[in-house]
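As the structure is a computational prediction, the values presented were derived from the model and not from experiment. Both counts, for ligands and for their atoms, begin at 1 and track the order of listing.
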Amino acid sequence: MTKKFLAGSSVEELKSWLTEQGESSFRAKQIADWLYGKLIFDPFQMKNIPAKLQNLLAENFFAPSCQIAERVESPRDGVVKLRLELHDQESVELVVIPSDERVTLCLSTQVGCPVGCRFCASGVNGLTRNLTAGEMLEEFLIGCREAGRKCDNIVFMGIGEGLVNSTELFKVLDILTSPDYYAMSPRRITVSTSGFVPGMLKFAELGKEFTLAISLHAPDDVTRAKIIPDKLRYPIKEILAAADVCRDRTGRLYTLEYTLLAGINDSPAQAEALGILAKSHRAKINLIPYNATDSEFRRPSREAIELFEKTASATGATVTRRVERGAKSAAACGQLRVNAEAKKKDKK
Ligand code: SAH
Ligand code: SF4
């Protein structure tokens with residue numbers, strides 16, 4: 001029997017499992033209360049559960065299945081980046097970002113990534129496997145524990161292309177927003193995609209007010225092809241049409257994320273084209289100056305970044321720049337995992 005993840009089990013599922021085990025079904029509510037009310041998912045910390053049942057839970061479920069293998073904290077702004085080791089020794093990353101009164105979690109959706117954008121450390125070795133809903137929920141719970149409380153915002157902007165793993169991701173979205181579970185507002189959850197159109201259309205069907213972010217990186221398909229390999233790259237027109245479907249379904253405007261790469265997508269002409277495109281779709285632009293990894297790309301100069309921002313804004317589009325935080329150590333998405341993988345290979 002394949003083990004299930006305790007984080008993410010519904011009260012109904014727990015009830016039927018308890019009955020199978022000859023245990024009282026009223027315990028289901030108690031277990032769910034630990035999981036979803038108190039954010040505790042280790043059975044041995046569930047104080048009102050008898051020892052025998054705690055042991056049964058630990059034997060039958062992954063609870064917990066992930067361990068914190070590495071922790072990098074930025075003393076300047078309190079951003080904590082965690083590398084989690086999964087039950088099969090693979091790793092993913094989770095970032096806890098405090099700001100003013102709020103805490104945002106940046107979660108991974110896959111081990112590796114099938115899209116393989118040429119500037120991104122997450123996709124260098126392709127996709128290893130999808131994360132299960134239980135694993136993503138454990139990421140969430142570990143992040144909340146790290147922050148010392150339930151988090152305010154979640155962005156699925158860690159390792160992986162979440163909309164390729166939509167079945168598991170949508171279970172997580174449901175559990176996070178359902179009143180019976182974590183009761184989060186969908187508006188506080190952002191799913192970022194490189195523009196995987198079939199997944200975006202399924203996302204639109206959810207019909208809930210989740211926030212969508214599109215990693216566009218170029219105002220035209222020729223430039224985009226220099227950054228994202230053919231395999232999972234869709235034409236910009238199709239991506240924006242799918243994003244418009246999401247917007248019209250939920251009433252939520254979307255964001256175009258744009259990683260600035262020197263000499264590739266950072267010219268004033270590209271800034272203007274991006275601004276015009278964004279305005280025509282009522283989308284916001286979020287600029288992300290490239291965080292150097294082991295790639296062929298470079299980050300533009302400060303002057304080039306400022307000129308790009310000014311030129312795009314001059315079209316009337318709303319332009320923000322991603323606040324750069326925790327940039328000191330391995331800030332680029334997927335970098336901790338890549339370093340850990342390299343060390344594993346050295347040992348072999
Ligand atoms: N796969 C999804 C979500 C994860 S990547 C997507 O691509 O949208 C989240 C964001 O981080 C993307 O916009 C991506 O462009 C950006 N990113 C990844 N590596 C980066 C780096 N080294 N420097 C700057 N931005 C990076
Ligand atoms: Fe995958 Fe997103 Fe990285 Fe591209 S930017 S390789 S889609 S994680």
Side-chain angles (χ1 to χ4, degrees), residues 81 92-95 97 104-131 136 139 154-166 169 189-197 199-200 203 210-218 223-234 239 242-243 246 254-262 264-266 274 283-300 305 308 320-339:
K81 190 157 191 171
V92 290
E93 292 172 18
L94 149 72
V95 192
I97 309 161
T104 299
L105 293 184
C106 175
L107 304 185
S108 295
T109 55
Q110 296 183 306
V111 181
C113 179
V115 182
C117 302
R118 295 194 176 93
F119 61 85
C120 175
S122 299
V124 279
N125 295 319
L127 174 71
T128 304
R129 69 171 175 86
N130 282 327
L131 289 184
M136 286 183 256
E139 276 186 82
I154 297 180
V155 294
F156 287 93
M157 290 191 184
I159 298 173
E161 172 52 54
L163 291 183
V164 166
N165 184 17
S166 57
L169 176 64
I189 301 178
T190 300
V191 173
S192 177
T193 177
S194 60
F196 183 62
V197 169
M200 291 171 71
F203 184 69
F210 295 113
T211 307
L212 180 66
I214 317 284
S215 295
L216 200 68
H217 310 318
T223 309
R224 210 161 182 264
K226 295 182 188 164
I227 304 170
I228 306 180
D230 291 351
K231 207 172 42 160
L232 286 177
R233 180 170 37 78
Y234 284 79
I239 295 173
C246 294
Y254 54 90
T255 302
L256 300 177
E257 290 171 281
Y258 198 97
T259 297
L260 281 162
L261 306 163
I264 303 286
N265 65 0
D266 65 338
L274 176 68
K284 296 168 273 184
I285 299 170
N286 189 29
L287 300 176
I288 317 170
Y290 176 52
N291 267 312
T293 61
D294 236 358
S295 84
E296 69 217 71
F297 299 112
R298 281 177 307 111
R299 179 195 184 100
I305 296 170
F308 192 97
T320 53
R321 203 188 304 179
R322 184 188 279 183
V323 186
E324 293 189 74
R325 324 188 61 211
K328 266 269 172 284
S329 181
C333 169
Q335 194 69 56
L336 283 182
R337 172 174 170 265
V338 164
N339 294 349

To check you understand the geometry: which heavy-atom pair defines the closest contact between [X] and [Y], and what is its length?
X    : Y    : value
R118 : P229 : NH2-CA, 3.7 Å
T193 : M200 : CG2-CG, 4.0 Å
I239 : S194 : CD1-O, 4.2 Å
T190 : A213 : CG2-CB, 4.0 Å
M136 : L169 : CE-N, 3.8 Å
C246 : F203 : SG-CD2, 4.0 Å

- Message: I'd like to know if E93 and K81 make a salt bridge, using a cut-off of under 4.0 Å between side-chain N and carboxylate O.
- Response: yes
- Message: Let me check your reading of the structure: within less than 2.8 Å of atom 1 (Fe) of ligand 2, is there an N/O/S atom from C120?
- Response: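 It does not; every qualifying atom lies at 2.8 Å or beyond.
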- Message: A side-chain contact here means heavy atoms from C-beta on lying under 4.5 Å apart; do F196 and S166 qualify?
- Response: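 No, every pair of side-chain atoms sits at 4.5 Å or beyond.
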- Measure the shortest side-chain to side-chain distance between L131 and V111 over non-hydrogen atoms and say whether it is less than 4.5 angstrom.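 Sidechains of V111 and L131: in contact.
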Under 4.0 Å to a heavy atom of [X] - the qualifying atoms of ligand 1, by number:
X    : result
T193 : 6 (C), 8 (O)
H217 : 13 (O), 15 (O)
E161 : 1 (N), 2 (C)
I288 : 13 (O), 24 (C), 25 (N)
S215 : 6 (C), 7 (O), 8 (O), 12 (C), 13 (O)

- Does at least one non-hydrogen atom of G116 fall below 4.0 angstrom from an atom of ligand 2?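 Contact check G116 vs ligand 2: positive.
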Pick one of side chain, backbone, both or neither for how [X] approaches ligand 1, counting any non-hydrogen atom pair under 4.0 Å.
X    : result
N291 : both
I159 : neither
E257 : side chain

Numbering the atoms of ligand 2 from 1, which are under 4.0 Å from a heavy atom of [X]?
X    : answer
C117 : 4 (Fe), 5 (S), 6 (S), 7 (S)
G160 : 8 (S)
S194 : 7 (S)
V115 : 7 (S)
C113 : 1 (Fe), 6 (S), 7 (S), 8 (S)

- Say whether A213 and ligand 1 are in contact under the criterion: heavy-atom distance to a ligand atom below 4.0 Å.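 No, A213 has no heavy atoms under 4.0 Å from ligand 1.
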- Message: For R298, I'd like to know if atom CZ has over 12 heavy atoms of other residues, nucleotides or ligands within 6.0 Å.
- Response: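 No.
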- Message: Quick one about E161 and T109 (side-chain donor to acceptor, distance below 3.5 Å, no hydrogens or angles considered), yes or no?
- Response: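 Not at all, the side chains of T109 and E161 share no donor-acceptor pair under 3.5 Å.
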- Task: Between S194, S192, G160, flag the one that comes closest to atom 1 (N) of ligand 1 by a heavy atom.
- Result: G160
